[in-house]
Protein chains: 2
Amino acid sequence: MVHYSTSLDSSFAALADPVRRDVLVRLARRDASISDLAGAFEMTLTGMKKHVQVLEDAGLVTTEKVGRVRWCRLGPRRLEKENEWIAKYQSMLEARYDRLGEFLERTRGEHP
Amino acid sequence: MVHYSTSLDSSFAALADPVRRDVLVRLARRDASISDLAGAFEMTLTGMKKHVQVLEDAGLVTTEKVGRVRWCRLGPRRLEKENEWIAKYQSMLEARYDRLGEFLERTRGEHP
DNA sequence: GTAATACTGAACCACATGGTTCACTATTCG
DNA sequence: CGAATAGTGAACCATGTGGTTCAGTATTAC
């Protein structure tokens with residue numbers, strides 16, 4: 001697959017999993033260790049580590065190992081780009097409807 | 001994998017591919033056939049059909065076969081739910097920062 | 001020092017994804 | 001009618017995903 005873009009790909013992919021969305025919400029409340037998260041989602045440490053890795057690769061989470069514990073907190077990316085993409089898309093939709101409305105306005109009564 | 005949610009999973013997954021995001025943008029301008037899209041992205045009909053199928057399953061596109069041509073147009077889902085999820089998440093982040101600021105405010109000068 | 005804890009990495013599994021080709025059907029054009 | 005066009009479905013392929021287990025290492029607690 002040709003990769004035209006980088007960031008939106010990985011962040012939208014990260015958001016496509018319910019576990020990862022919930023991990024984000026949980027981390028928005030408070031930082032957590034891999035064990036904390038694995039326990040909360042009844043998953044193995046290894047399994048949760050992979051999810052955290054995906055989130056980290058997308059810039060949504062950062063981690064830091066302190067002693068034997070890896071602490072996870074929210075990363076630098078706060079979904080601004082994703083928000084922008086969706087907003088731009090929705091404004092394109094509106095623009096299209098506006099043009100349609102304008103067209104209907106212009107042609108009103110032309111074909112009685 | 002346990003499926004807690006349905007719609008956000010499929011729509012975010014649909015958005016995770018640059019070809020599909022561009023297909024949405026293109027369809028926002030004008031409706032198109034599978035051939036149109038396949039040509040625009042230099043891809044086989046079969047390949048593009050699969051992308052369109054993913055978008056259709058996510059409710060982002062609808063298609064209708066007219067004669068031998070399958071027309072694709074934007075579907076009923078306009079990313080409102082996805083927008084809402086991101087907005088909610090971002091407001092949680094703000095709330096957390098507010099609590100942090102409040103805490104700093106409250107404890108100002110307590111430990112000189 | 002021994003034991004428990006926290007994580008890590010490799011290996012494995014079933015299934016999904018993003019593509020392709022090829023053979024086929026249905027529709028339209030001349 | 002015959003040829004070109006538009007799409008479809010199955011099969012295939014390499015790679016990714018969402019998990020697991022198991023065997024480690026490093027850290028901390030007793």
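Numbers restart at 1 for each chain; the letters A, B, ... are given by sequence-line order, proteins then strands.
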I'd like to know whether CD of A:E42 has more than 12 heavy-atom contacts from other residues, nucleotides or ligands below 6.0 angstrom.
no

Hey, what do you get for CD (A:E82) to OG (A:S7), rounding to the nearest 0.5 Å?
6.5 Å

Answer yes or no: is there a side-chain heavy-atom contact under 4.5 Å between A:K49 and A:L45?
no

More than 12 heavy atoms of other residues, nucleotides or ligands under 6.0 Å from CZ of A:R30: yes or no?
no

Given D:dT21, C:dC12, D:dT8, the nucleotide with the shortest approach to the side chain of B:K49
D:dT8

Whole angstroms only, please: what is the CG-C1' distance between B:D36 and D:dA6?
11 Å

Grab the CE-C1' distance between B:M48 and C:dT17 for me, whole Å please.
15 Å

How do A:K50 and A:R68 order along DNA chain C: which one's closest nucleotide is nearer the 5' end?
A:R68

Taking OP1 and OP2 of D:dT17, is either one under 4.0 Å from a side-chain nitrogen or oxygen of A:H51?
no

Could you tell me the separation between the CD1 atom of A:I34 and the C1' atom of C:dT5, rounded to a whole number of Å?
14 Å

Consider the side chain of B:T44, meaning its heavy atoms from C-beta on, and name the nucleotide among D:dG18, D:dA6, C:dT20 that approaches it most closely.
C:dT20

Among C:dG19, D:dT21, D:dA6, which nucleotide sits nearest the side chain of B:S35?
D:dA6

Whole-Å distance separating the CH2 atom of B:W71 from the C1' atom of D:dA6:
11 Å

Starting at atom CG of A:D57, determine the distance to atom C1' of D:dT17, rounded to an integer number of angstrom.
13 Å

CZ of A:F12 versus P of D:dG16: gap in Å, rounded?
21 Å

Using the side-chain heavy atoms of A:V19, tell me which of these nucleotides is nearest: D:dG19, C:dT21, C:dG18.
D:dG19

Once you apply a heavy-atom cut-off of 4.0 Å, does B:S33 come out as touching a base, just sugar-phosphate, or nothing?
sugar-phosphate

C:dG18, C:dC7, D:dT8: which one has an atom nearest the side-chain heavy atoms of A:R70?
C:dC7

Roughly, in whole Å, what's the span from NZ in B:K65 to P in D:dT5?
16 Å

Residue whose nearest DNA chain D nucleotide is more 5′ - A:A13 or A:E42:
A:A13

What distance separates A:L60 CG from A:L27 CG, expressed to the nearest 0.5 Å?
10.5 Å

Regarding B:L45, tell me which of base, sugar-phosphate or nothing describes its non-hydrogen contacts under 4.0 Å with the strands shown.
base

What is the nucleic acid contact for A:G47, judged by heavy atoms within less than 4.0 Å: base, sugar-phosphate only, or nothing?
base

I want to confirm an ordering. Mapping B:T46 and A:M43 to their closest nucleotides on DNA chain D, which one lands closer to the 5' end?
B:T46

Rounded to whole angstrom units, what separation is found between the CG atom of A:D9 and the P atom of D:dT17?
11 Å

